[in-house]
Amino acid sequence: MPAWLKDAVFYEIYPQSFKDTNGDGIGDIEGIIEKLDYVTSLGCNALWINPCFDSPFKDAGYDVRDYKKVAPRYGTNEDLYRLFAEAHKKGIHVLLDLVPGHTSEEHEWFLESKKADRNQYSDRYVWTGSAFQGIGGHPYIGGEADRDGCYMLNFFKCQPALNYGFLNRTEDWQMAPDEPACIETREAMKDIMRFWLDKGCDGFRVDMADSLVKEDDENKSATGAIWKEVREMLDNDYPEAALISEWSNPLLALKYGFHADFYLDHHGNGYNTLIRDNETPGGDHSFLKKDGNGDIIRFLNDYLPKYDKTSDVGYISFITCNHDTPRPRRTLSYEELKVAYAMFLTLPGVPFIYYGDEIGMRYLEDVHTKEGGYARTGSRTPMQWDNSANKGFSTAPADRLYLPVDPADDAPTVADQEKDPSSLLNTVKALTALRHNEPDLKADAEFEVVYAEKDEFPFVFKRGNLIIGVNPSEKKASATLPRKMEKVFEIGNVHLSDASLIMEPQSFCVLR
Ligand code: NOJ
Ligand code: CA
C-alpha cells in the first residue's frame, strides 16, 4: 500500500475542459501544468486525469487508439512527462486513466484483428466463428469486417472488447483465460502500465475494472486473478504506484488488489441516498438536502458492511461527482454543498474532488452532446476561472470552445470565490487543510458511528480522538457526546454544553 494515499486528496481533471493555453478552444497538458499551484492551493495533492491518449474521441477518449501516445490536441508525450516532473516538485502525484477492457475501433490491434488473414492480433478481441453467429447477452457487431465473424463490444459501438477469455464457456469460439492469446492481452496491458510508470506516472484509475474476463462467476474470480497479478507487478517493481478501480464493489475490488475503489452511484445506492434521492414520492429524500426528508440509515446500510469488511485491506473513495454523473450542484445549494463536502472529506478513505465542484459549478441541462457524452455532457463544461472571456478557460472565440461555458450571470468563478471568505471554495480549502493537519482524519484512521437514527439528525461519527457532527437539515438537532469536548472546526453554528452537542440548521463540526 503506497503510504502517500493515506493523506491524499485527489482532484479529477477532465483535460478537455480545464485550461486551454494555445487558444484552440480545448484544454491541454500545458494548462494543467499552469494550474498546479491552484491544485495545491485547494489542498489537493494528487490528480486523476481522464484519458489523454490518442483517440478518435467518440467516447471522450475512453476509446483509445494508441495507449502510448498523448493525443495531439493535448500536447506531446514530452509535455506529459513534464507534467509528472512539475507535479512531483510540488508534492503532487499523478494518476492516468487506464482503459483495459476495450480499445477504439481504430486501434491498430483492431484493424489487424478485423483482417480475414490470420495474424498476431486475430485473437486480441472477442470474435465469433461466423458473421452470422451473434453473441447472446452481450452487444456485438456483424458485417463490418472482412473477417468472417462478429465482434463483441464492451461499451459503445466504437469500443470492441479485448479478449481476456471466458470463465464459463459454452461456444467453441470462446477461449479460456489462460490461453496464450488471452495472456498476451493482459501482458499488453501490463506493458502499457510499465511504459507510463517508467515515465513518472504514479498509478492508474482503472476504467470498468470488472469487465475483463467474460462469463465470469459472481465473485469475478477470473477477472480478479488478473488484477492480483497486476498488483503483484506493482508491489515488486512500483511499490509507490496506486491502483484505483471503477468497480463500486470494494468487497471484490480491494480483495483483488486495488488500493481503493470508488463509491459510485451504481451497485447499491448509498451515494444517491446522500445527494440525489428524488425518485421516490414525497420530495427529495437525500440525507444532505436541507428538507430533512433524508435517512442516514439508508446510507449506512449500504456503506457500513462494505467498510467493515474492507478497512484492513484498502480504501473506499468518496467523490464529489465525476465526469459520468450529474454535478452535485444540480441537486444541492451552496450551503448544502458545504456540509456535503465536509462529510465526504472527513469520512475514511481517499476522497476525490471533480474539477469545478469546489466552486459549485452547475450541471448544464441543455448542452448538446459532445464526444459520446449525452446526459453526461452537462458535467463536462469548461472550468470557470475568472470573469474574463470564456471565464478564463480559453482565448478562442466562444463558438470554437470544446463546450460552451456556463452562460449564467451568477456562474461561480475561482477568482470571485477566492475573495469571499465564506465561499464554497474557501470552505473546501479549510476542510482539506484540516484533513492534512489531523492524523485522525487520514484515510486509514479509525471510524465508528456514534449517533445515527432513522429519519433523525444529526449524524455523528468518530475518527480516532475526534467526533464529527453533520446536520444538513434546516432543523436544529442535538446529540449526547461520550464526554465533554471542544470545537476544532465548524460550519454554521454549533454549541457545546457539558456533554451535549447542539447543532443549528445546516451545520457541521469536528470536536476533540
Ligand atoms: C467509464 C468511464 O468513466 C466512462 O466515461 C466511459 O464512457 C465508460 N467507462 C467506457 O469506457
Ligand atoms: Ca489547447
Side-chain angles (χ1 to χ4, degrees), residues 10 12-35 48-53 55-65 67 70-76 79-80 83 95-105 107 138-139 152-162 189 204-212 244-249 253 261-267 271 317 319 321-326 352 354-355 369-380 382-383 385 390 392-397 400-403:
F10 274 87
E12 176 190 348
I13 293 180
Y14 185 74
Q16 290 91 319
S17 295
F18 194 56
K19 174 71 188 173
D20 171 25
T21 56
N22 63 353
D24 64 356
I26 189 154
D28 39 55
I29 305 278
E30 187 59 42
I32 302 177
I33 296 175
E34 224 172 72
K35 293 295 183 184
W48 154 29
I49 303 173
N50 292 111
C52 54
F53 315 108
S55 166
F57 292 103
K58 291 186 178 173
D59 185 18
Y62 283 93
D63 47 330
V64 181
R65 184 164 51 198
Y67 286 98
V70 167
R73 72 187 202 180
Y74 299 135
T76 61
D79 293 329
L80 185 53
L83 168 60
L95 299 195
L96 296 178
D97 207 316
L98 181 75
V99 188
H102 47 269
T103 67
S104 158
E105 61 194 343
H107 194 291
H138 296 271
M152 187 188 285
L153 302 175
N154 216 34
F155 196 66
F156 285 155
K157 182 259 168 190
C158 62
Q159 291 154 319
L162 283 160
M189 220 29 78
F204 303 91
R205 171 271 188 186
V206 178
D207 185 73
M208 293 173 67
D210 64 339
S211 75
L212 306 190
I244 303 190
S245 48
E246 184 201 29
W247 194 317
S248 204
N249 190 342
D261 184 35
F262 288 107
Y263 196 68
L264 299 173
D265 57 358
H266 50 273
H267 292 298
Y271 183 81
S317 278
I319 60 170
C321 88
N322 69 23
H323 62 290
D324 293 331
T325 68
F352 280 68
Y354 182 55
Y355 84 97
T369 183
K370 179 88 177 187
E371 299 186 343
Y374 304 100
R376 308 175 293 183
T377 310
S379 294
R380 299 176 175 186
M383 179 65 179
W385 295 105
N390 303 322
F393 161 66
S394 167
T395 56
R400 292 207 30 224
L401 300 185
Y402 174 76
L403 279 170

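Bear in mind the structure is a predicted one, so any value in this text is a computation, not a measurement. Just so you know, ligand 1 is whichever comes first in the structure, and atom 1 is the first atom listed for that ligand.
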Per-atom filter on ligand 1: closer than 4.0 angstrom to a heavy atom of H102 are 10 (C), 11 (O)
Of D324, N322, T369, the residue whose pairing with R376 passes side chain to side chain donor-acceptor pair (under 3.5 Å): D324
Output yes when a side-chain donor or acceptor of W385 lies under 3.5 Å from a complementary backbone atom of F18, and no otherwise. yes
So if I count the atoms of ligand 1 from 1 in the order they appear, which ones are less than 4.0 Å from some heavy atom of E246? 1 (C), 3 (O), 9 (N)
dist N50:CG -> L96:CG (nearest 0.5 Å) comes out at 10.5 Å
Sub-4.0 Å heavy-atom contact, E371 with ligand 1: no
Taking the side chain from D59 and the backbone from C158, do they hold a donor-acceptor pair closer than 3.5 Å? no
For the Ca ion (ligand 2), the closest N/O/S atom belonging to D24: OD1
Sub-6.0 Å ring centroid separation between H102 and F156: no
Atoms of ligand 1 close to H323 [distance to a heavy atom under 4.0 angstrom, numbered from 1]: 2 (C), 3 (O), 4 (C), 5 (O)
Check each atom of ligand 1 against the heavy atoms of R376 and keep those under 4.0 Å away; list them by number with element. 4 (C), 5 (O), 6 (C), 7 (O)
Can any side-chain N or O of D28 pair as donor or acceptor with the backbone N or O of G75 at less than 3.5 Å? no
Judged by modelled atom types alone, do S211 and N154 share a side-chain donor-acceptor pair under 3.5 Å? yes
Using a 4.0 Å cutoff against the non-hydrogen atoms of R380, which atoms of ligand 1 qualify? 5 (O)
For atom 7 (O) of ligand 1, closest protein heavy-atom neighbour: D59 OD2, 2.6 Å
Which atom, among the N/O/S set of D28, is closest to the Ca ion (ligand 2)? OD2
Out of curiosity, is R205 lining ligand 1, as in a heavy atom under 4.0 Å away? yes
Using modelled atom types only, decide if a donor and an acceptor are shared between the side chain of D261 and the backbone of S248 within a distance under 3.5 Å. yes
To 10 degrees, how wide is the angle OD1 (N22) to the Ca ion (ligand 2) to O (I26)? 150°
Quick one: look up the protein heavy atom nearest atom 11 (O) of ligand 1 and list residue, atom name and how far away it is. D207 OD2, 2.9 Å
Considering only protein heavy atoms, which is closest to atom 5 (O) of ligand 1, and at what distance to one decimal place? D324 OD1, 2.7 Å
Could you check which N/O/S atom of D20 is closest to the Ca ion (ligand 2)? OD1
Find out whether the Lys NZ or Arg CZ of R73 is both under 6.0 angstrom from the six-membered ring centre of F57 and within 45° of the ring's axis. yes
